[in-house]
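Chain letters run A, B, ... following the sequence lines, proteins first and then strands; every chain starts at 1.
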Amino acid sequence: MINQEISEILGKMAEIMEFLGNPADKFRIRALQNAAIAIGEASDNLELLAREHRLREIPGIGEGIAKKIEEYIATGKIKEFELLKKAVPKGFFELLGISSLGPKRVKILHSELGISNIEDLKKAIADGKVQALPGFGEKSAQKMMEGIDIKERSKGRRLLGEVYSTVEEIVENLKKCKDVLKIVPAGSFRRMEETVGDIDILVTGKNHVKIMDYFAGQPYVHKILVKGDTKTSILTNEGLQVDLRVVDSNQFGSALQYFTGSKLHNVHLRTFAKNRGFKLSEYGFFKGEELVGSKTEEECYGALGMDYIEPELRTDNGEIEASFKHQLPKLLEPKDIRGDLHAHSTWSDGASSIEEMARRAHEQGYEYIAMTDHSPSLTVAGGLKISELKEKKREIDALNEKLPIKILFGTEVDILKDGRIDYPDEVLKEFDVVVASVHGHFNQDNTDRILAAMENPFVHIIGHPSGRLIGQRNAYPLAYEKLFKRASETGTALEINAHYSRLDLQDVYIREAKRWKCLFSIGSDSHSFKSLWMMQLGVALARRGWAEKGDILNTLPWEKLKKVLK
DNA sequence: GCCGTTTTCGGCCCGACTGTTTTCAGTCG
């Protein structure tokens with residue numbers, strides 16, 4: 001999305017300016033960095049904001065950066081960036097990607113040894129030239145070689161759902177260390193961002209050294225990157241970086257607050273607090289010299305006169321002000337979910353039978369699960385022909401007689417290229433739940449197709465509305481305002497697809513759609529009973545979009561849901 | 001370059017770890 005592109009450019013501009021090293025640019029650099037992060041996490045599409053001349057509503061964006069953004073939207077380029085790029089060696093950003101190398105040292109390497117890319121650097125280290133530079137030594141050369149190795153091994157940020165079980169395993173493993181009292185994963189994982197760069201884990205315990213030794217000695221540790229009394233960083237065998245921080249129990253709250261971030265949330269919170277005479281750090285919240293909060297996060301926020309802010313909201317998008325005014329939403333919680341409204345079975349492209357799916361759903365505490373197998377157009381996914389539906393219905397009816405959970409007769413139909421649905425109305429009306437999704441023609445604006453689907457009285461839910469696959473396929477262009485308006489008018493729910501590769505709608509749009517009073521349904525899009533747990537990711541996504549229980553269809557008991565769907 | 005319960009000027013979050021240093025700069029989060 002355009003936000004990511006612009007965020008990257010602004011960040012790179014800051015890096016180049018640091019490289020150039022003009023002292024007068026010190027705070028300009030910081031402003032660019034702040035803006036880059038703010039845009040990366042902004043809950044609004046920049047193109048949309050620019051059109052309405054509302055760019056400066058994003059904290060950190062002023063007149064100068066707003067102009068640059070408008071320039072990029074209009075021309076696809078930022079002139080100043082094009083000029084700055086000419087001032088750095090070709091492999092500059094590649095070199096910066098190496099851990100332990102920043103703009104200052106890249107500059108020395110370039111001016112002293114003419115190093116402009118990773119290959120040059122490897123050679124200079126092999127020749128012993130880097131080690132001989134003032135300020136550099138044998139150790140830093142070795143660090144750089146390790147940094148290159150890590151860069152080549154790691155695949156960048158990973159999907160939340162892909163690291164989920166790894167984090168659970170590491171937490172379970174750390175529990176076995178008898179010096180550890182409390183363990184909580186922090187950072188982007190706790191905020192449930194769609195991707196995570198590394199994993200931060202916070203523990204409390206008396207004997208810091210023993211805990212660090214225990215952690216560093218585990219079989220999943222491939223390499224120790226940093227090891228100290230309060231922080232140890234390792235690389236797992238799969239190339240995932242895990243940072244372990246140890247604090248005393250009485251500092252758990254302030255430390256958890258700090259290590260949960262986001263960076264922008266913390267910077268804003270500290271500035272906010274500083275203006276009121278407080279000083280915040282991971283060791284405590286202080287008013288002057290007096291400690292006013294440190295044991296729990298509630299105590300810390302409370303000391304500032306604020307309500308507790310849920311981790312998913314800590315993106316610096318108005319949550320600090322809302323908390324201070326006691327206007328935060330009461331967020332949806334996992335226990336509010338009574339069923340799953342999007343799941344597949346062996347009837348189409350799933351790996352589990354309806355019975356297996358239903359049994360696991362019951363174990364998760366659900367009252368119902370909708371079995372929404374594909375429709376005929378999706379031949380690759382074994383979509384059901386009309387003639388097969390009766391048999392599937394009979395199976396569901398039989399299972400409903402013997403299982404302690406209600407199985408809903410559902411379907412995920414295709415929205416065809418012209419907006420029609422690929423079952424006729426007299427077939428559609430037999431289903432309990434109809435999810436309508438776009439499964440083809442991704443490279444066009446699909447607003448009209450989806451609007452047409454919403455007009456169909458038998459369509460209850462628009463599945464994965466934007467069609468994106470994280471890191472693989474961009475969302476197709478959509479006029480979101482039109483969709484939200486019509487969804488609200490027709491009572492068509494928008495899906496919050498919980499599958500970790502989709503997470504669609506995104507938090508940005510959930511929040512926007514909520515302003516239009518749209519309804520949502522959360523579906524795991526599971527193709528196996530083993531995937532039903534992904535509902536948690538969908539709940540977290542909904543929370544990141546400020547959604548409350550009343551916004552979500554599948555918080556309703558079946559008897560009420562049935563009426564809403566009709 | 002951004003921002004405002006002290007401000008349209010004068011500040012800009014705070015600390016750990018590392019390596020190369022005799023007191024600190026660079027990097028990272």
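Each of B/dC2, B/dT18, B/dG26 was ranked by its minimum atom distance to the side chain of A/R105; first place goes to B/dG26. Side chain of A/K104, nearest nucleotide from B/dT6, B/dG26, B/dG29: B/dG26.
Nucleic acid contact for A/P59: sugar-phosphate only, since backbone atoms but no base atoms lie under 4.0 Å from a heavy atom of the residue. When heavy atoms are screened at a 4.0 angstrom cut-off, A/D229 is found touching the sugar-phosphate backbone but no base atom. Looking at heavy-atom distances under 4.0 Å, A/L32 makes no contact with the nucleic acid at all. Using a 4.0 Å heavy-atom distance criterion, A/L96 is classed as making no nucleic acid contact. Residue-level contact check: A/I29 touches neither bases nor backbone, having no heavy atom under 4.0 Å from any strand. At a threshold of 4.0 angstrom between heavy atoms, the contacts of A/F136 are confined to the sugar-phosphate backbone, with no base atom among them. Contacts of A/Q142 with the nucleic acid, taken as non-hydrogen atoms under 4.0 Å apart, are absent. Among the atoms of the strands shown, base atoms are found under 4.0 Å from some heavy atom of A/K263. Contact annotation for A/L101: backbone-only contact, meaning every heavy-atom pair under 4.0 Å involves sugar-phosphate atoms and none involves a base. A/S233 comes within 4.0 angstrom of nothing in the nucleic acid, heavy atoms only.
A/F27 qualifies as a stacking partner of the B/dC12 base, centre to centre under 5.5 Å and near-parallel within 30°.
Contact check, A/S140 against B/dT20: a side-chain N or O comes under 4.0 Å of OP1 or OP2. Taking only side-chain nitrogens and oxygens, A/R28 comes nearer than 4.0 Å to OP1 or OP2 of B/dG1. Close to B/dG15, at under 4.0 Å from its OP1 or OP2, lies no side-chain N or O of A/T230. When the side-chain nitrogen and oxygen atoms of A/Y283 are compared with OP1 and OP2 of B/dC13, none of them lie within a distance under 4.0 Å. Applying the 4.0 Å criterion to OP1 and OP2 of B/dC12, one finds that A/K274 has a side-chain N or O inside that range. Dashed line: the shortest gap from a side-chain N or O of A/K279 to OP1 or OP2 of B/dG15 is under 4.0 Å. The side chain of A/R30 contributes an N or O atom lying less than 4.0 Å from OP1 or OP2 of B/dC13.
In this entry the distance linking CG of A/L225 with P of B/dT27 reads 17 Å, nearest Å. With rounding to whole Å, A/L55 atom CG is found 16 Å from B/dG1 atom P. Atom NZ of A/K26 and atom C1' of B/dG10 are 14 Å apart (whole Å). Spacing between atom CG of A/L133 and atom P of B/dG19 amounts to 17 Å, rounded to whole angstrom units. Here B/dG1 presents its C1' atom at 14 Å from CG of A/L84, a figure rounded to the nearest Å. Between A/F259 atom CZ and B/dC13 atom C1' there is a gap of 14 Å when expressed in whole angstrom units. Per the geometry, CG belonging to A/D25 stands 10 Å off C1' belonging to B/dG1, to the nearest Å. Protein atom CG of A/D200 is 13 Å distant from nucleotide atom C1' of B/dA16, rounded to whole Å.
Centroid-to-centroid, the aromatic rings of A/F272 and A/F324 come within less than 6.0 Å.
A donor atom on one side chain and an acceptor atom on the other are not found under 3.5 Å apart for A/D307 and A/Q327.
Classified by interplanar angle (parallel below 30°, tilted 30° to 60°, perpendicular above 60°), the ring pair A/F81/A/F93 is tilted. Classified by interplanar angle (parallel below 30°, tilted 30° to 60°, perpendicular above 60°), the ring pair A/F484/A/Y509 is tilted.
Residue order along DNA chain B, read from the 5' end via each residue's closest nucleotide, puts A/R276 first among A/K139 and A/R276. For A/A141 and A/E282, each mapped to the nucleotide of DNA chain B holding its nearest heavy atom, the one lying further toward the 5' end belongs to A/E282.
Across every non-hydrogen atom of A/L46 and A/N3, the tightest pair is N-OD1, 3.0 Å.
A gap of 22 Å separates the P atoms of B/dC14 and B/dT8, to the nearest Å. For B/dC12 and B/dT18, the P atoms lie 29 Å apart once the distance is rounded to whole Å. Atom P of B/dT5 sits at a distance of 23 Å from the matching atom of B/dG1, rounded to the whole Å. Straight-line distance between the C1' atoms of B/dG11 and B/dA25: roughly 23 Å, to the nearest whole Å. Rounded to whole Å, the separation between the P atoms of B/dG26 and B/dT20 comes to 14 Å. Nucleotides B/dC17 and B/dG10, compared at atom C1', are 32 Å apart to the nearest Å. Comparing the C1' positions of B/dC13 and B/dC28 gives a spacing of 14 Å, expressed to the nearest Å.
Considering only heavy atoms from C-beta on, A/L20 stays 4.5 Å or farther from A/D25 through its side chain.
Counting only distance, with no hydrogens or angles, the side chain of A/R544 and the backbone of A/R191 share a donor-acceptor pair below 3.5 Å.
Taking the ring axis of A/F136 as reference, the NZ or CZ atom of A/R105 stays within 45° of it and closer than 6.0 Å to the ring centre.
Searching all strands for a Watson-Crick or G-U wobble partner of B/dT8 with both distances below 3.5 Å returns nothing.
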